[in-house]
Protein chains: 2
Amino acid sequence: MAAKRGGAQSKRSQRTAASPRSVQEASREPPLSLERIVATAVELLDAEGVDGLKMRRLADRLGSGAMSLYWHVGNKEEVFDLALDSVLEYRAPPQIIESQDWRGEVVHMLEDWRASMLRHPWSASLLPRRALGPNILGRLELLSKTLSRAGVADADLNVAIWSLWNFVIGATTTRASFDLSDDDRAAAQQRLTRLSERYPTIERTRLLLDNDWDGAFRKGLDFLLDGLAPR
Amino acid sequence: MAAKRGGAQSKRSQRTAASPRSVQEASREPPLSLERIVATAVELLDAEGVDGLKMRRLADRLGSGAMSLYWHVGNKEEVFDLALDSVLEYRAPPQIIESQDWRGEVVHMLEDWRASMLRHPWSASLLPRRALGPNILGRLELLSKTLSRAGVADADLNVAIWSLWNFVIGATTTRASFDLSDDDRAAAQQRLTRLSERYPTIERTRLLLDNDWDGAFRKGLDFLLDGLAPR
DNA sequence: ACCTGAACACCGTTCAAGT
DNA sequence: ACCTGAACACCGTTCAAGT
């Protein structure tokens with residue numbers, strides 16, 4: 001807002017709440033760019049969730065006017081698309097590439113995929129409504145190549161890929177949606193025990209209290225891989 | 001709007017569809033109720049998608065003032081929660097209940113689950129952000145009971161349940177998000193073939209063109225079940 | 001080429017009332 | 001108990017301009 005007059009601005013004019021960036025910082029922002037917009041959108045999403053991403057708020061963080069964004073970006077949907085894909089970049093560990101252990105590679109790729117999404121919980125809730133960006137396609141390509149090299153016939157490849165993809169997406173989605181606030185969790189827990197007569201089995205196995213998400217993911221993935229390619 | 005004056009109204013009063021509802025039609029609505037609100041919300045979601053559900057629009061369809069909804073419902077989020085769970089009701093075929101074929105039962109339950117969600121494509125995109133309603137819990141309970149009766153040890157039960165759940169949620173999410181408009185599909189297809197050098201494997205297996213979603217689901221589920229409980 | 005404020009259309013929800 | 005319109009706060013985006 002103030003901006004405009006370039007000179008030496010004093011202080012306190014920004015103050016973005018949860019993550020304050022002081023005026024001094026804001027007054028000397030680098031110029032707007034798509035990269036900066038996307039990176040800041042990810043920050044904002046991390047901090048405030050899907051509903052927290054507002055164009056005006058994003059512009060604030062960037063130290064620009066709200067409308068400036070629209071020169072770089074078509075609309076808000078595009079910001080979502082770009083933010084989602086940017087979070088799914090895959091940096092393959094070089095040494096693994098030539099490994100013979102295809103199963104280990106696959107497990108590593110999928111655990112990394114899941115971890116990337118859990119680092120940004122909003123990504124799971126965004127995925128269902130978004131198009132495939134280059135990073136997602138890149139992951140699918142790498143997964144396909146690995147399975148193909150491992151000897152899976154082309155005819156079975158698509159089923160295998162989709163099964164693994166489904167598993168990862170489902171696991172991430174579920175994990176993220178169970179990551180409730182403490183209040184929500186307490187409420188849900190209470191409601192469930194209150195209804196334990198209606199759901200005796202899942203109550204007995206403590207399905208909803210089982211916190212070993214990582215272990216469940218790993219074990220389930222092993223089962224799936226056993227089915228896909230029995231060793 | 002008009003409403004109020006009670007007299008003897010003639011006929012034709014529903015007509016939901018794509019639809020304008022004329023004043024006359026609207027004037028003889030039954031009174032508001034939570035059931036009617038939820039059912040109409042589902043209709044609206046089916047017709048217009050997640051973004052099409054606006055409180056004012058919903059009220060229009062119900063022939064009531066926009067603010068009347070707030071007596072029955074806390075806020076819009078609650079409408080989403082209720083609509084989602086209402087679509088996931090499970091009517092178990094009674095004859096199957098005593099069957100010995102647990103694997104057949106599980107497959108049936110999961111295919112029904114998937115089918116229910118695909119009938120309302122918005123449900124997949126809503127799921128990640130919603131709490132578990134009674135119908136979802138009911139499905140989880142039934143699934144647990146079936147697997148438990150089939151001999152799966154309690155210690156393995158949670159992994160099995162989550163794996164199957166993940167698979168269904170992932171498959172549904174993916175399927176729904178690939179169900180693009182023709183324009184979108186054409187654009188995506190074009191972009192992919194243009195980039196075929198970067199994604200040779202998934203291009204070769206036609207991963208993104210494979211339209212046999214039902215078959216892939218069934219086969220993938222079989223693989224997963226093979227892994228979970230080898231026959 | 002890049003950025004801007006004013007203004008518009010729209011939407012969820014509060015409020016003070018009505019019956 | 002149930003429903004209502006007016007009004008408010010907020011948000012995405014168009015537009016006509018600025019540099």
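All values below come from the heavy atoms of this structure, side chains included, with hydrogens, waters and symmetry mates left out. In the text below, chain A, chain B and the rest are named by the order of the sequence lines, each starting its count at 1.
Judged by distance alone, with hydrogens and angles left aside, the side-chain atoms of A:Asn158 form a donor-acceptor pair with the main-chain N or O of B:Thr205 at under 3.5 Å. Although no hydrogens or angles enter the test, the distance criterion places a donor-acceptor pair under 3.5 Å between the side chain of A:Glu141 and the main chain of B:Thr201. Remark: side-chain polar atoms of A:Asp85 are not paired, donor with acceptor, to backbone N or O of A:Asp81 under 3.5 angstrom.
As a whole-Å value, the separation of B:Leu34 CG from D:dA1 C1' is 16 Å. In this structure, CZ of B:Arg36 is placed 14 Å from P of D:dC2, rounded to the nearest angstrom. Straight-line distance from the CG atom of A:Leu69 to the P atom of D:dC11: 14 Å, rounded to whole Å. At whole-Å resolution of the value, CG in B:Leu32 and P in D:dC2 are 10 Å apart. Rounded to whole angstrom, the span from the CG atom of B:Asp51 across to the P atom of D:dG12 amounts to 12 Å.
Counting heavy atoms from C-beta on, the side chains of B:Leu110 and B:Phe167 never come closer than 4.5 Å. A:Ile136 has its side chain within reach of A:Trp165: a pair of non-hydrogen atoms, C-beta onward, lies under 4.5 Å apart. Annotation: side chain of A:Trp213 is not in contact with side chain of A:Leu118 (no heavy-atom distance under 4.5 Å).
Among the protein residues, A:Leu58 comes within range of no part of the nucleic acid, since none of its heavy atoms lies under 4.0 Å from any strand. Across all strands, B:Leu53 comes closer than 4.0 Å only to sugar-phosphate atoms, never to a base (heavy-atom distances).
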Under a 3.5 Å cutoff on both atom distances, Watson-Crick or G-U, what's the dot-bracket for DNA chain C ([ ] crossing, | other strand)?
||.|||||...|||||.||
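In this structure, A:Arg114 is positioned above the aromatic face of A:Phe217, its NZ or CZ under 6.0 Å from the six-membered ring centre and within 45° of the axis.
Among residue pairs with one or both ends in residues 68-77 of chain A, those qualifying as side chain to side chain donor-acceptor pair (under 3.5 Å) are A:Glu77-A:Arg130; sequence neighbours excluded.
Of the charged side-chain nitrogens involved, none lies within less than 4.0 Å of a carboxylate oxygen, so that B:Asp46 and B:Arg119 do not count as a salt-bridged pair.
Out of C:dC11, D:dC11, C:dC2, the shortest distance to the side chain of A:Trp71 is found at C:dC2.
Dashed line: the shortest gap from a side-chain N or O of A:His72 to OP1 or OP2 of C:dC3 is under 4.0 Å.
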Sequence-aligned protein contact record of nucleotides 13-19 of chain D, with B where the base is within under 4.0 Å of a protein heavy atom and S where only the sugar-phosphate is:
BB-----
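Spacing between D:dA17 and C:dC2 at atom P, rounded to whole Å, works out to 22 Å.
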